[in-house]
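Labels below follow one simple rule: chain letters A, B, ... track the order of the sequence lines, proteins then strands, and each chain is numbered from 1. Worth saying up front: this structure is predicted, and the values here are computed from it rather than measured.
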2 protein chains.
Amino acid sequence: MAELPIETYLPGLSIDCVIFGFHEMELKVLLLNMKNQEEWALPGGFIQKDQDVDIEANRILENRTGLKNIFLQQFHLFGDLTRNKAGHAKKLVETKIISDDLRPWFEQRFLSIGYYALVEYSKVQVPTPDFTSDSCEWCSLNNLPKLIMDHQQIIDRAHQVLKKELNYQPIGLNLLPQQFTMSEIQTLYETVLGKTLDRRNFRRKILSYDILVATNKQRKGGTHRAPMLYEFDEEKYTQAIQEGLKSLF
Amino acid sequence: MAELPIETYLPGLSIDCVIFGFHEMELKVLLLNMKNQEEWALPGGFIQKDQDVDIEANRILENRTGLKNIFLQQFHLFGDLTRNKAGHAKKLVETKIISDDLRPWFEQRFLSIGYYALVEYSKVQVPTPDFTSDSCEWCSLNNLPKLIMDHQQIIDRAHQVLKKELNYQPIGLNLLPQQFTMSEIQTLYETVLGKTLDRRNFRRKILSYDILVATNKQRKGGTHRAPMLYEFDEEKYTQAIQEGLKSLF
DNA sequence: TATGTTTGTGTCAATATGACGCAAACTAAA
DNA sequence: TTTAGTTTGCGTCATATTGACACAAACATA
């Protein structure tokens, strides 16, 4: 049973992270499986009294993924009364996830700050579960297990925001590996937007932004014609999204 | 000196509202002048322990503007340590704005939830100051007075968000009066975007969205050719911004 | 060597955009 | 009453962008 230094945390406030990854043509979210429970949860944590909220979010994220300097954006504060389910703390005590001392802490009303993170799937080695959970897995966004409290809504909202931010945030840069093929980045865009795009028109447009650099390498080993590998021109990408990539797909 | 039922509020959390209005070709923000001080502040307040955050934001806003059902959007949680200035509570006590009992409450670390509101300037009759202030005024966005703490940054961020949301939120509907001329709505767009637009191209585009209804009335009394008055087709507008108005100006 | 699929590169018509021109409507000055 | 100065309403036109496709080269596998 874990002990929490709750006296060092801001009361009534938590952080929940929606960690997006992209793998096998699908958007994935990193979820924790609560010990002895069927319900899953978003990785989250509390905020040190003497630290910036953004920094705390990064700390929580680093604990879970082992990665530093991850792309992380605050996107919403969830502050409805209904999000605090009465039985939650009781359950945590009964399943011995937390000690009885901690029960009042978990019974108080919580507001939660939603952050979304974009990580390169392959770089997250072994997702590490926290004290409340015994496993940590990537789950496909369109086939999520049952989630505690309002975590499903938090994910939905994060996905919505991601869609809207597609032209303002370096989504590709953070979700794709260093080098990638044209169809990989296209699939990413299709997945986030939830619609298919014409291959040739996509190519024309993404190239017109002048944010990609064609390497002269090819992805070998595939079962068909070897595609060319691209990289981002980070400087140009960063500059381009300042103003937003004109006109969406 | 005012008393606050601080025991009924969530500790360490506040709401700040950036209330936008549009008047005389300018974007305005409603600000409070702190008693006996040169610095101004955003209208804000605290959150009842037993109430949704969104509802509390509405309550605070209604107190200040007298308007119900105002368009109000949460846009950011400000959670840096640096935003809490040490001398602030002391000043409030010294200037007798708050009693000494309240000093610990105002000395704690505060996170603040930023909301922005869009109101029709003319509908706000007499902005009512709160207990910490003795006047309440519309200030032009590009000529703001000195503001307390990080309120200038909060406004800047709200303005940024407004710009980005222009094609996803009913900005015009909420900032303009029921009926308006083509140049009024164009000026609104120009003001929010911070750039001038071609009059004829603007007209063509805004009409192509099919969200405006031409009334057959004209604005009389002007010094030149009487312009035609338009209204929003609220249903079509609402529908159009669901997907976002394709391609910005 | 034949087959199926993916990749790279175009074309072309339909639309949308940006840069203007011009006359009608109206006020205020002459 | 006439004239000058503005604003409004309604166009045009060249250029750029979009959406819908066609086709051949490059592979792996059979």
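One donor-acceptor pair, N or O on each side, does fall under 3.5 Å between the base of C/dT5 and the side chain of A/His224. For D/dG11, its base never sits under 3.5 Å from the side chain of B/Arg203 at any donor and acceptor pair. Side chain A/Arg225 to base C/dG4: no donor-acceptor pair is found below 3.5 Å.
Contact check on B/Lys164 versus A/Glu165 returns a salt bridge, with a Lys/Arg side-chain nitrogen under 4.0 Å from an Asp/Glu carboxylate oxygen.
Listed pair A/Gln218 / D/dC27 meets the phosphate criterion, a side-chain N or O lying under 4.0 Å from OP1 or OP2. One finds no side-chain N or O of B/Arg200 lying less than 4.0 angstrom from the OP1 or OP2 phosphate oxygen of D/dG11. OP1 or OP2 of C/dT7 has at least one side-chain nitrogen or oxygen of A/Ser183 nearer than 4.0 Å. Contact check, A/Lys205 against D/dT17: no side-chain N or O comes under 4.0 Å of OP1 or OP2.
With DNA chain C read from its 5' end, the first of the two nearest nucleotides for B/Arg204 and A/Tyr230 is the one closest to A/Tyr230. Each of B/Thr223 and B/Leu229 has a nearest nucleotide on DNA chain D; the 5'-most of these lies closest to B/Thr223.
Look at CZ on A/Phe202: it is 13 Å from P on D/dG19, rounded to the nearest Å. A straight line from CG of A/Asn216 to P of C/dG8 spans 12 Å, rounded to a whole angstrom. Atom P of nucleotide D/dG19 and atom CD of A/Gln186 are separated by 13 Å, given to the nearest angstrom. Here C/dT27 presents its C1' atom at 17 Å from CZ of B/Arg219, a figure rounded to the nearest Å. Atom-to-atom, CG of A/Asp198 to P of C/dT6 comes out at 15 Å; the value is rounded to the nearest Å. D/dT17 atom C1' lies 16 Å from atom CG of A/Leu245, rounded to whole Å. Rounded to an integer number of Å, the gap from CE of A/Met228 to P of D/dA25 is 18 Å. For the pair A/Asn201 CG and C/dC12 P, the interatomic distance rounds to 16 Å; values are reported in whole Å.
The backbone N or O of B/Lys146 sits nowhere less than 3.5 Å from a side-chain atom of B/Glu38 that would complete a donor-acceptor pair.
The residue from B/Phe22, B/Phe20, B/Trp138 that alone fulfils the ring-ring contact (aromatic ring centres under 6.0 Å, His included) condition with B/Tyr121 is B/Trp138.
With ring centers used as reference points, B/Tyr209 lies 6.0 Å or more from B/Tyr237.
For the residue pair B/Glu62 / B/Asn58, no side-chain donor-acceptor distance below 3.5 Å is found, with atom types taken as modelled.
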